[in-house]
Amino acid sequence: MITMDRALDQLHHAALQRQARSRVDAIDELRAAKQVADRGLPQRDIAELLATSQARVHRMLKALERSNNNVPVTPEEIILRACAYDTSRDGLVQELARFDYTFGEEAPYPLEGRISGTWDEVVKALASGMISQKEFDQVRAAIGR
């Protein structure tokens, strides 16, 4: 186990920010691909506009197809943006407290396992260190969990 000091804490925070920015960029790129695809442009033109490969555009369009051509704002995205760009933590808690959550449930027969909900994204953010225990507790209290 690593004994954390201020310098190591800062390095860890910077690593979380890099990961968060990368994931936010991917969400933004997916939304941009949707905007261009909605105009009816072919994949090669979309790739040129987004400065990426046609193969990547193809994968993004398939992902959009699987999600009913929808890229909703999720608690994960809200948390990622706050972490990536050091926005107000009070604002983060307020935004998360207003979110309309879904909660995990057991998969229906004959499937096995669990279907996660949007609340699981907040739990995961706590585990990864993107939100603090205090922030988690404030959100949980605000939504009555």
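In this chain, numbering begins with 1 at the start of the sequence shown. Computed over heavy atoms, backbone and side chain alike; hydrogens, waters and symmetry mates excluded.
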Seminar exercise, completed: Nearest heavy-atom approach of I143 to A97 is CG2-O, 3.7 Å
For this session: Apply salt bridge (charged side-chain N to carboxylate O under 4.0 Å, His left out) to the pair K124 and D120, showing each step before the final yes or no.
Result: CA-CA 6 Å; K124 182 179 173 186; D120 294 309; over 6 Å; no
Exercise. Quick one: CG on L80 to CG on D25, what's the gap to the nearest 0.5 Å?
Worked result: 10.5 Å
Exercise. Sequence neighbours excluded, which residues qualify as side-chain hydrogen bond (donor to acceptor under 3.5 Å, both in side chains) partners of S128?
Worked result: none
Exercise. Between L126 and F103, is there a shared hydrophobic cluster once you connect ILVMFWY residues whose side-chain heavy atoms come closer than 4.5 Å?
Worked result: yes
Exercise. What ring-ring contact (aromatic ring centres under 6.0 Å, His included) pairs are there with at least one residue in residues 122-145, not counting sequence neighbours?
Worked result: W119-F136
For this session: Using the side chain to side chain contact (heavy atoms under 4.5 Å, CB included) rule, take H12 and L16 through it: C-alpha gap first, then chi angles, then the decisive distance, then the call.
Result: CA-CA 6 Å; H12 180 68; L16 287 175; 3.5 Å; yes
For this session: Any salt bridge (Lys or Arg N to Asp or Glu O under 4.0 Å) involving residues 95-105? Give me the pairs, sequence neighbours left out, ordered by first then second residue.
Result: none
Exercise. Does NZ or CZ of R145 lie under 6.0 Å from the centre of the six-membered ring of Y101, at an angle within 45° of the ring axis?
Worked result: no
Exercise. Residues two or more places apart in sequence or in another chain: which of them pass side-chain contact (heavy atoms from CB on, under 4.5 Å) with D90?
Worked result: S88
Problem set entry | Pairwise side-chain contact, V36 with V57, heavy-atom cut-off 4.5 Å (strictly under) | no
Exercise. Can you list the residues that meet the side-chain contact (heavy atoms from CB on, under 4.5 Å) rule with R89, with sequence neighbours excluded?
Worked result: A82, L92, I131, E135
Problem set entry | Which atom of L96 lies closest to which atom of I79, heavy atoms considered | CD1-CG1, 3.8 Å
For this session: List for me each residue that meets side-chain hydrogen bond (donor to acceptor under 3.5 Å, both in side chains) alongside S53, sequence neighbours excluded, and say none if there are none.
Result: none
Problem set entry | Contacts of D5 that satisfy side-chain contact (heavy atoms from CB on, under 4.5 Å) - sequence neighbours left out | A7, L8
Problem set entry | side chain to side chain contact (heavy atoms under 4.5 Å, CB included) between H13 and D9, worked out | CA-CA 6 Å; H13 179 71; D9 238 4; over 6 Å; no
Exercise. If two hydrophobic side chains count as joined below 4.5 Å and joins carry through other members, does I27 share a cluster with V73?
Worked result: yes
Exercise. Can any side-chain N or O of T52 pair as donor or acceptor with the backbone N or O of A47 at less than 3.5 Å?
Worked result: no
For this session: Calculate, to the nearest 0.5 Å, the distance between atoms CE and CD belonging to M130 and E121 respectively.
Result: 12.0 Å
For this session: Using salt bridge (charged side-chain N to carboxylate O under 4.0 Å, His left out) as the criterion, list what pairs up with K62, not counting sequence neighbours.
Result: E65
Exercise. Which atom pair, heavy atoms only, marks the closest approach of A37 to L61?
Worked result: CB-CD2, 3.7 Å
Seminar exercise, completed: Sorted by chain and number, sequence neighbours left out, side-chain hydrogen bond (donor to acceptor under 3.5 Å, both in side chains) with R140 holds for D137
Problem set entry | Exceeds 12 heavy-atom contacts within 6.0 angstrom, atom CD of E112 | no
Seminar exercise, completed: Applying side-chain contact (heavy atoms from CB on, under 4.5 Å) to R21 and not counting sequence neighbours gives Q17, R18, A84, Y85
For this session: Using the test salt bridge (charged side-chain N to carboxylate O under 4.0 Å, His left out), find all partners of R56 that sit at least two apart in sequence or belong to another chain.
Result: E29
Exercise. Just how far is it from atom CD of Q35 to atom CG of L41, taken to the nearest 0.5 Å?
Worked result: 12.5 Å
Exercise. Restricting to pairs with a member in residues 67-80, which pass salt bridge (Lys or Arg N to Asp or Glu O under 4.0 Å), not counting sequence neighbours?
Worked result: R23-E76, R31-E77, E77-R81
For this session: Could you tell me whether the side chain of S116 and the main chain of G104 form a donor-acceptor pair under 3.5 Å?
Result: no
For this session: Report, as yes or no, whether the 6.0 Å neighbourhood of atom CD on E48 holds more than 12 heavy atoms from other residues, nucleotides or ligands.
Result: no
